[in-house]
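Predicted model only: the values in this text are computed from it and were never measured. Each residue takes its place number in the sequence, starting with 1. As the structure lists them, so they are numbered: ligands from 1, and atoms in each ligand from 1.
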Amino acid sequence: MKRREFCAGAAVALAGLSLAPWRKAHSASDVAIAGLDGRPQTVKSSEVEELRAGLRGELLVPGDADYDAARRLWNPAYNRKPALIVRCVGAADVMHAVSFASAHALLTAVHGGGHSLSGLSACDGGLMIDVSPMRAVAVDPLTRRARVESGALLGQLDRESQAFGLATTAGTVADTGVAGLTLGGGVGRIGRRFGLTCDNLISAELVTADGKWQRASAQENPDLFWALRGGGGNFGVVTCFDFQLHEVNPQMYGGEISFPMAGARELLRHFADYLASAPDELYVDVDLEGNDKLGRLLTFDVCYSGPVSDAPRVLAPLRKLGKPVKDDLAPTTYLKLQGSAYTPGVSKFGVYVRGGLIYGLTPALIDAVTGLVEAAPSNLLDVWMQQQGGVISRVAPTATAYWGRGASHNMGLAGAWPVGSPDAERNTEWVRHAWAQVEPLTRGNYVNIANTDDRESRVAAAYGDNYARLTTLKKRYDPANLFRLNANIKPAA
Ligand SMILES: Cc1cc2nc3c(=O)[nH]c(=O)nc-3n(C[C@H](O)[C@H](O)[C@H](O)COP(=O)(O)OP(=O)(O)OC[C@H]3O[C@@H](n4cnc5c(N)ncnc54)[C@H](O)[C@@H]3O)c2cc1C
C-alpha cells in the first residue's frame, strides 16, 4: 500500500452542534462538548481544570498554539475539531483521560500515529485522547523482544529492531502508527514469513473504558488479548505493546517494476500463476494506477527477503511477464524499502478508500479492476492488492480476532485529490461507483481499510465467526461503547 493513495468518508453526526461555541477550557467558562450520542452537553470549567491538573501532558483547546497540529490527521480529507485534546505522556494520563471521558459519556477519539484512512482518530466537538507523544521503542536483542509505546511509528520500530538484525512485521509506510496498524491486524513486507503484526504481539498494556490499567497476554486476560489482535480500537486505549522479533537480514532485494496497462489483463493472469508457487520470502503488492509521465500502469512493489543471491532467479519470471517501462528491482535494505514511501506528516492529497478481501486473482476480478482503471477519469485513482498468505494464512481464523486468514490479498480502491481541489467529489464518486462493481468479488474486509461509509454488516463480515465473541467481550470491557470511533463492534445485547 502506497503513500498518496487513500482515504474515506463521513463525518460524525453532531446534530445541531456548531463548532463556534467550543470555548477555551482555561477561561472560567464551562465547555460545550459532544456526548457519546453526538449531542452537545456542558462540562463545568472546574471539571475541565481538574482534568488538566491531573495530567503530566497537556490539555489543548481550540485557540491553543499546538491545537491545530495535534488534531491534524494524515488524511487531510478530514478536518475535525475536538473540543478537548489530551496529549498523554504516560499511562497515568491515559487513565485520567479515559476516566474523564467515561464519567461524562463523551464522544471520544483515540489517536496513535494519525494514519486512520477514515479520519476516526479525531472527532468534531468531542474529546481526543492522543498518545502520539508516547513514542519510546526499546529492543532487547537477547530476548528478541521490543517494548513499544503506542504513539510510536513503524519506522521507529523498524529502525531500532534492524540495528540488531531483527524485525517484526510492520506495514509498508514508515510513518504509519504502530497502534492502529497492530490492533487491526498489520500486513506488510515480511508478513508472509512472520504473520501479521498482531500475531507477533506478546502482550499489550491498555486502559479499558472503566479507566483501569490492564495487561493482556496469553496468561493475563487471555480473552482480551485475543480480542486486541484484530479487534481494532474497540477495547481500550493501548499504552504499550511487547512484540516478538525475528532475525531478519537487513540486506534484501526489491523495488518496483511497472508495465503499461495495455496487456495488463493477460499479464495479471500469468502473474496469478506465478504467485501460486511464491515462497514466503516473496511479497508483491499489485498497483493499478495512473502516472503523469508514463500513463496508466500496472506496478508490482516487490520485496524478496530470502538470500539476495537467489533473488534474480526467483524474480526472473516476474521480469519476463512483459516489457517493463520501469524496473528498479535491485539489492537494497529492508529499511530502505520500508522508508521508500516515507514523507512525514500530513498527506498532500485528500483520499477516499473502499476495500475488501480477495481470495485469488481470478479472471473475473482481473477483468473488473483493469477495466475500471483503464476507464478511470483521472490519474489520481487507483487499485491496490496487498499480498497476504504465507504464515498469515496458517494461523486458524479463530486463533485471534483477525478473521480473514485465507485471503490472498486485501484490495483497496482509492481516489485522491490535491487539498482544496474540486476533484474531491468526482474522485470519491468514482471510488463509490467502482466499489459497487467489485464488492461482489470480495469476501469480508480488513478493518484497517474500513471506512465510515461501511455499514455495520461490513464490520460483522470482517470478523466472520469471531464477531459474536467480540460483541460479548465488547459488552464486558466497554458496555457503553465509549470506544466507538472505529470499525465499531457493538456490545452484545
Ligand atoms: C499511507 C498509509 C499506508 C498504510 N499501509 C498499511 C500497510 O502496509 N499495512 C496495513 O496493515 N495497514 C496499512 N495502512 C492502514 C493502517 O493500518 C491504519 O490506517 C491504521 O489504523 C493506522 O494506525 P495509526 O495509529 O497511524 O492511526 P490513528 O489514526 O492514530 O488511529 C486509527 C485508529 O486506531 C485506533 N487506535 C489508535 N491508537 C490507539 C491506541 N493507542 N489504543 C487503542 N486504539 C488506538 C483508534 O480506533 C483509531 O481510530 C496504511 C494507512 C496509510 C494511511
State the atoms of ligand 1, each with its element, that fall below the 4.0 Å cut-off from a heavy-atom position in [X].
X      : value
Gly177 : 23 (O), 24 (P), 25 (O), 26 (O)
Gly171 : 7 (C), 8 (O), 9 (N)
Leu183 : 42 (N), 43 (C), 44 (N), 45 (C)
Gly233 : 44 (N), 47 (O)
Val131 : 41 (N)
Thr172 : 7 (C), 8 (O)
Asn486 : 47 (O)
Val237 : 42 (N), 43 (C)

Might you point out which heavy atoms bring [X] and [Y] nearest each other, and give the distance in Å?
X      : Y      : value
Val431 : Gly415 : CG2-N, 3.2 Å
Ala434 : Leu413 : CB-CD2, 3.5 Å
Ser132 : Gly112 : CB-O, 3.3 Å

Considering distance alone, does some N or O of [X] sit under 3.5 Å from an N or O of ligand 1?
X      : result
Thr176 : no
Tyr446 : yes
Gly180 : yes
Val173 : no
Ile449 : no
Trp74  : no
Gly112 : yes
Gly113 : yes

[X]/[Y] ion pair, N-O < 4.0 Å:
X      : Y      : result
Asp223 : Arg469 : yes
Glu205 : Arg147 : yes
Asp64  : Arg71  : no

Compute the minimum heavy-atom distance from [X] to ligand 1 and say whether it is under 4.0 Å.
X      : result
Gly188 : no
Gly151 : no
Gly114 : yes

Requested in this report: For Trp417 and Leu380, indicate whether the former's side chain and the latter's backbone hold a donor-acceptor pair under 3.5 Å.
Outcome: no
Query raised in the report: Is the backbone of Phe225 close enough, under 3.5 Å, to the side chain of Arg229 for a donor and an acceptor to pair up by distance?
Result: yes
Query - Given Arg192, Arg193, Gln386, Arg189, the one that forms side-chain hydrogen bond (donor to acceptor under 3.5 Å, both in side chains) with Tyr283 - result: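 The single option meeting the side-chain hydrogen bond (donor to acceptor under 3.5 Å, both in side chains) with Tyr283 is Gln386.
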Report task. Among His246, Gln244, Arg145, find the residue that satisfies the side-chain hydrogen bond (donor to acceptor under 3.5 Å, both in side chains) test when tested with Asn200. Result ->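 Running side-chain hydrogen bond (donor to acceptor under 3.5 Å, both in side chains) over His246, Gln244, Arg145 with Asn200 returns exactly one hit, His246.
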Option set [options], criterion heavy-atom distance to [atom], minimum:
atom                    : options                        : value
atom 46 (C) of ligand 1 : Val110, Thr108, Val94, Asp285  : Val110
atom 49 (O) of ligand 1 : Leu485, Leu154, Asn448         : Leu485
atom 9 (N) of ligand 1  : Val187, Leu206, Leu153         : Val187
atom 53 (C) of ligand 1 : His115, Gln388, Glu149, Met128 : His115

Query raised in the report: Under 3.5 Å, is there a donor-acceptor pair between the Arg484 and Thr108 side chains?
Result: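 No, because no side-chain N or O of Arg484 sits under 3.5 Å from a partner of the opposite role on Thr108.
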Requested in this report: Kindly determine whether Phe271 and Phe300 satisfy ring pair (Phe, Tyr, Trp, His ring centres under 6.0 Å), including the steps that lead there.
Outcome: CA-CA 10 Å; Phe271 173 71; Phe300 297 113; 4.3 Å; yes
Report task. Could you point out which residue of Asn486, Leu228, Asp478 forms a side-chain contact (heavy atoms from CB on, under 4.5 Å) with Phe235? Result ->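 Answer to the side-chain contact (heavy atoms from CB on, under 4.5 Å) test with Phe235 among Asn486, Leu228, Asp478: Leu228.
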Requested in this report: Would you check, one step at a time, whether the test ring pair (Phe, Tyr, Trp, His ring centres under 6.0 Å) holds for Phe100 with His104?
Outcome: CA-CA 6 Å; Phe100 184 84; His104 294 277; 4.5 Å; yes
